[in-house]
Every structure is written in structure tokens, then in C-alpha cells.
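Encoded as C-alpha cells, the structure appears first; notes follow it.
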There are 2 protein chains.
Amino acid sequence: MQLTRAADYGVRAMVYLAGLPSHSRASIAELAKATESPEAFLTKVLQRLVSTGLIDSHRGPSGGFELRTPAAEIFLLDVVEAIEGPIQLNLCTGKCNGSPACGRQDWCAVHLVWQHAQAKLREILGAACIETLAQESKQRLAAIRDVPVHSI
Amino acid sequence: MQLTRAADYGVRAMVYLAGLPSHSRASIAELAKATESPEAFLTKVLQRLVSTGLIDSHRGPSGGFELRTPAAEIFLLDVVEAIEGPIQLNLCTGKCNGSPACGRQDWCAVHLVWQHAQAKLREILGAACIETLAQESKQRLAAIRDVPVHSI
């Protein structure tokens, strides 16, 4: 029951892109450094973020990656689910070909706990705005380095 | 970010054992049927529950598995963590040789969201008592089958 490295790196990349000046783009090398991730692996993660519509990729000398929509409209939940698919804390909370994935869910009381836990997790991740996370991270980093936020 | 099948089967087994009359034991065959799990796989799960002190295993004609402590004192969190280890929603919320597992946690605002989500998840699972889950499951099953609870 743990976030994949792919999703973790995807979140790091999204938060980094959200912290860039408007209309800036970042190269794969810049993103790999910023997210502390292997470039080849991050490339696949970014392809997934492109295909799910969260970022755009541009070729050429002024190319690179950028957010497709304003960071204020993107939430941690969007990024995690773009990479991992819908959050499903236990198999029993999902569907299988439109039917309940678990035949015990009509009576199993544990199913209700998993549903509750999953709803709470989605609520917390769904309230965490990528723009806010980027700003807070920059402020905290600036405080640690004792430098102005705009220099981060 | 999903519960393993091992933990799911372990939870089913614990809830089943909690629903048995006092001092009853269940064989591996009975537990495999009740949990709808493959016997060989469930055997390994039960061994884990034995080694972590949640259940006892007895040999002989009147042998079988039983809870080691009263079901009222066991919570869903105990069972999940007995099988999967401490819940760690993201690598960054853990430790590595006593040090933070992620060097970004002093400034990364996403880390705080993962900490919050993990604490909430542990709180929900930590409040779900195995005895209550067993009773509720039996009541719901009895209602579906339109039979008295004691016949379940």
C-alpha cells in the first residue's frame, strides 16, 4: 500500500513545473535534476503526464515540458491518478467489468472501512493544490537556505 | 497504493476467527473456504499472523487456528501491519537506517500531505475493531439471508 516511484517522481516534476515563471519550459535534464530521478525513467513518467493531458511537450531549441493547465487547477490527486490510475486502496473497492470486484461487499463490514479510508485519502489528495505545494516548497527551501524566495 | 492480497486474506481470516464461538478453532480448510482464498497461500498468511502474535496454531485432532488475544483488542491496523509492515503511503514518510528516507522532506510541501494522509489512514484502520467488524458482517449476512444472526 505504497505510492509507486513513478507517481512520486511525477508529483515532483509537476510541483517543479508549477514553480517556474509563467510560460517557462523545463528540459528533461533540468527535470531529472530537480526531481532527483533517473532521466530514462522520468521520460516515461513525463510521457504518461503528457498522454493524460497534464503537461505539454515541445520540441526544438526553446522546447521542453510545461503544464497544460494553470497549476491552481491541478491537485495532487490528479497527478497520482494520472500515473497510477484511480486510487483503489483494496481490490474490493473497485469494479471488474462494471460489476463489484468482490462478491463479499454486500455484507463484509471491512469493505465499508476500506471505502471510508479511500474516500478520506482521495479527499486529502484532492485538496492539495499543485500551485500551493510549489509555493510552500519554495518558501520552505528559501527559509532553510536563508535566501529570498524569488532566488529559488 | 493498494493492499496486498496477503493482507486482505489475513483480514478475512481474522474477522472469521473473531466471529467464532469462544475457544473455537478453525482448520486451514475451513479458513480457506471462509476467506475464499487458496489454501497454500493462506497457510503462509496465517504463519505470518502466528509469528506476529495475533493468532495461535494448535496441532492434533482438536487443533486449528484461534485468536491469541480477545478480538475486542485487535484492530484492522494491527492485522494489516502484521502482514505488510508499518503503513508507509510514500517512501518519504519512512526511515532508512534511522535517517529520513527522503532528503527533500525538510522543505518538500508534498511530504506534509503524505504525512497527513498516512496519519488519517492509520487513524481509520486503527479505530476498526476486529470484533465489531465480525459482528457487523454476521448481522449484514444474516439480514441478506433472512436468517437469525446466531445461525451464521
Side-chain angles (χ1 to χ4, degrees), chain A residues 1-5 7-8 11-12 14-15 35-36 75-77 79-81 84-85 87-94 102-114 116-125 127-128 130 132-145 152, chain B residues 1-5 7-8 11-12 14-15 35-36 75-77 79-81 84-85 87-94 102-114 116-125 127-128 130 132-145 152:
Chain A
M1 202 156 46
Q2 189 172 81
L3 192 74
T4 59
R5 292 308 275 165
D8 190 48
V11 168
R12 293 183 186 190
M14 291 294 289
V15 170
T35 60
E36 300 172 51
F75 295 83
L76 188 49
L77 181 67
V79 185
V80 170
E81 294 202 326
E84 296 198 350
I87 286 180
Q88 202 181 322
L89 270 187
N90 193 3
L91 272 176
C92 73
T93 62
C102 177
R104 306 159 65 93
Q105 70 173 239
D106 284 341
W107 56 269
C108 174
V110 190
H111 175 69
L112 302 175
V113 182
W114 288 119
H116 174 45
Q118 180 172 299
K120 185 55 74 175
L121 178 58
R122 295 189 89 251
E123 180 187 314
I124 292 170
L125 302 187
I130 295 297
T132 309
L133 292 171
Q135 288 169 348
E136 285 179 3
S137 294
K138 287 170 84 169
Q139 284 164 1
R140 296 179 76 198
L141 195 55
I144 288 172
R145 293 184 182 166
I152 297 292
Chain B
M1 201 156 45
Q2 189 172 80
L3 193 74
T4 58
R5 291 310 273 166
D8 191 47
V11 168
R12 293 182 186 192
M14 291 294 290
V15 170
T35 60
E36 300 172 50
F75 295 83
L76 188 49
L77 181 67
V79 185
V80 169
E81 295 201 327
E84 296 198 350
I87 285 180
Q88 203 181 320
L89 270 186
N90 192 4
L91 272 176
C92 74
T93 62
C102 178
R104 306 159 66 93
Q105 70 172 239
D106 285 342
W107 56 268
C108 174
V110 190
H111 175 69
L112 302 175
V113 182
W114 288 118
H116 175 45
Q118 180 172 300
K120 185 55 73 175
L121 177 60
R122 295 188 89 253
E123 180 186 314
I124 292 170
L125 303 187
I130 295 296
T132 309
L133 292 172
Q135 289 169 347
E136 285 179 4
S137 295
K138 288 170 82 168
Q139 284 164 1
R140 296 180 76 198
L141 194 54
I144 288 172
R145 293 185 183 166
I152 297 290

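Chain identifiers are assigned alphabetically (A, B, ...) following the order of the sequence lines, protein sequences preceding nucleic acid strands; residue numbering begins at 1 within each chain. Remember, it's a predicted structure, so these values are computed and weren't measured experimentally.
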Check each atom of [X] against the heavy atoms of chain B and say whether the ones under 4.5 Å are side chain, backbone, both or neither.
{"X": "A:L89", "result": "both"}
{"X": "A:V110", "result": "both"}
{"X": "A:L112", "result": "side chain"}
{"X": "A:Q139", "result": "neither"}
{"X": "A:V15", "result": "side chain"}

Is it the backbone or the side chain of [X] that comes under 4.5 Å from a heavy atom of chain A, or both, or neither?
{"X": "B:A117", "value": "both"}
{"X": "B:L133", "value": "both"}
{"X": "B:V113", "value": "both"}

Run the numbers on B:K120 and A:L121 for side chain to side chain contact (heavy atoms under 4.5 Å, CB included), then give the verdict. CA-CA 8 Å; B:K120 185 55 73 175; A:L121 178 58; over 6 Å; no
Heavy-atom pairs under 4.5 Å with chain A - which of [options] has more of them than the others?
{"options": "B:E136, B:E36, B:E84, B:H111", "value": "B:E36"}
{"options": "B:R104, B:H116, B:Q88, B:R5", "value": "B:R104"}
{"options": "B:I130, B:L141, B:T132", "value": "B:L141"}
{"options": "B:C92, B:A7, B:S137", "value": "B:S137"}
{"options": "B:T35, B:T4, B:T93", "value": "B:T35"}
{"options": "B:D106, B:L125, B:L76, B:V11", "value": "B:D106"}

Shortest non-hydrogen contact from B:C102 to A:R12?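 Nearest heavy atoms, B:C102 then A:R12: SG-NH2, 3.8 Å.
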Test side chain to side chain contact (heavy atoms under 4.5 Å, CB included) applied to B:W114 and A:I124, step by step: CA-CA 9 Å; B:W114 288 118; A:I124 292 170; over 6 Å; no
Check against side chain to side chain contact (heavy atoms under 4.5 Å, CB included), B:L91 and A:D8: CA-CA 9 Å; B:L91 272 176; A:D8 190 48; 5.9 Å; no
